[in-house]
Asks: 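One structure follows; several queries about it will come next.
Every heavy atom of this structure was used, including side-chain atoms; hydrogens, water molecules and symmetry mates were not.
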Amino acid sequence: MSSSIALLVTGAGTGLLAGGASCAAVQGGLLAGAVTRRRTSAPDRGTGDTPLAPVGAFLAGKLLSHTVLGALLGTFGKALQPSPRTQAALLLAAGVLMVLFALDLFGVKAVGRLVPRPPASFGRLLRRSGRTESALTPALIGLATVLVPCGVTLSMELLAVTSGSAVAGAAVMAGFVIGTAPLFAGLGYLFRRSSQALSGRLAGLTAVVVLAVAVWTMGSALQAGGWVSFSTPDKKTDTASGPFIVEGGDGSGSGEGSATGADPVPVRIDATGKQIVTLTVTDFYTPTSFTAKAGVPTTLVLNGKDSGGCARAFTIPELGVQEIVKRDGDTEIDLGTRKAGALRFSCAMGMQTGSIDFA
């Protein structure tokens with residue numbers, strides 16, 4: 001459930017920072033048409049209807065359709081069960097799509113054909129619907145926007161697939177729509193007066209924000225796939241290395257590790273000769289870098305201590321390992337006998353990373 005909450009927050013943050021502007025640039029005209037039509041058709045009724053009423057109906061329809069879509073995509077992802085590197089490749093593809101959308105908003109004609117767009121007939125149908133006087137029109141348009149990609153929406157859909165859960169997929173898409181709500185609420189009134197002027201200025205601002213999110217997304221994807229690491233651990237606090245502690249040996253250990261309540265020893269060799277590498281998982285990974293012995297049978301222990309967020313979805317891309325860390329308790333992963341070299345690990349979204357250097 002905590003991973004679903006993290007994805008809800010991620011979706012909301014993306015919607016607030018980039019999705020709102022992107023979707024407003026694409027869908028704002030449709031909403032403005034519905035608002036303007038209803039206001040001019042009955043100016044003297046005194047019913048108390050405000051421009052925010054159709055905005056609310058629009059967002060309610062959009063929330064419903066996107067939440068259902070997210071659940072379906074999450075279910076599909078669970079059935080597909082993509083490997084960590086496949087998930088990272090999908091996330092990277094989402095970042096590339098966002099770059100294309102940003103360049104298109106900047107007016108770069110060369111990428112126009114590469115940007116996914118709905119059929120022109122569908123767009124005309126929505127515009128005609130936006131001119132009707134029905135109170136349900138904004139809600140129906142909101143439902144239909146699931147078929148009209150608006151900037152970073154596709155990246156959120158890919159993220160829903162990689163979540164591998166109907167609940168998590170629904171959470172990320174619902175969070176995305178919720179994140180767009182403040183901007184739509186603010187622009188709903190303004191768009192009815194000067195939607196074209198605002199859309200022109202909005203496109204440039206949207207392009208800058210989407211491009212920034214795209215760079216962040218692609219960086220996270222590269223780390224999630226274990227291809228690169230942008231982290232620079234603080235050697236004083238985030239790196240664990242020798243001397244290696246041998247349990248049950250010549251007094252260097254008691255056979256029970258550390259004292260009760262103390263943090264576990266990051267790297268040790270037990271009485272059977274097996275190497276134990278312990279990673280503490282909270283909302284972060286501690287340490288983020290280990291030095292361990294090569295050529296020794298090794299077990300990685302994920303020591304959950306009120307773990308949460310992205311850190312709980314632990315992956316080792318090179319080995320195809322995916323584990324949900326216990327909130328409180330140990331999760332063991334057999335690494336086998338490793339040769340010299342670095343073994344990178346990451347959370348599923350590439351936001352928390354680290355490595356074990358076998359030497």
Asks: So, using side chain to side chain contact (heavy atoms under 4.5 Å, CB included) as the criterion, who are the partners of Asp306 when residues are at least two apart?
Replies: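 With neighbours one apart ignored, the set is Arg327, Asp328.
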
Asks: Where the side chain of Thr67 meets the backbone of Leu64, is there a donor-acceptor pair that is under 3.5 Å apart?
Replies: no

Asks: Would a 4.5 Å heavy-atom cut-off, applied to side chains only, mark Phe290 and Asp357 as touching?
Replies: no

Asks: Counting distance only, does the side-chain N/O of Tyr285 pair as donor-acceptor with the main-chain N or O of Thr280 below 3.5 Å?
Replies: no

Asks: Taking side chain as C-beta onward, heavy atoms only, is Phe314 less than 4.5 Å from Ile333?
Replies: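 The answer is yes, as the side chains (C-beta and beyond) meet within the 4.5 Å cut-off.
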
Asks: Counting C-beta onward and ignoring hydrogens, is there a side-chain heavy-atom pair between Ile316 and Leu300 closer than 4.5 Å?
Replies: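 The answer is yes; the side chains approach within 4.5 Å.
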
Asks: Is a side-chain N or O of Arg312 found less than 3.5 angstrom from the main chain of Ile324, in a donor-acceptor match?
Replies: no

Asks: Determine yes or no for a side-chain-to-main-chain donor-acceptor pair under 3.5 angstrom, with Arg85 supplying the side chain and Gly225 the backbone.
Replies: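 Checked: pair present.
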
Asks: Is a side-chain donor or acceptor of Asp104 paired with a backbone partner of Gly107 at a separation under 3.5 angstrom?
Replies: no

Asks: Any heavy-atom pair between the side chains of Phe176 and Leu8 that's under 4.5 Å?
Replies: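 Answer no - side chains too far apart.
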
Asks: Are the side chains of Thr180 and Leu59 in contact, using a 4.5 Å heavy-atom criterion?
Replies: yes

Asks: Do the side chain of Thr353 and the main chain of Phe230 share a donor and acceptor less than 3.5 angstrom apart?
Replies: no

Asks: Taking the side chain from Gln275 and the backbone from Thr298, do they hold a donor-acceptor pair closer than 3.5 Å?
Replies: no

Asks: Heavy atoms only: give me the nearest Met173-Ala160 pair and the separation to one decimal.
Replies: CG-CB, 4.3 Å

Asks: Just so I know, are the side chains of Ser346 and Thr315 near enough to count as touching, which here means a heavy-atom distance under 4.5 Å?
Replies: yes

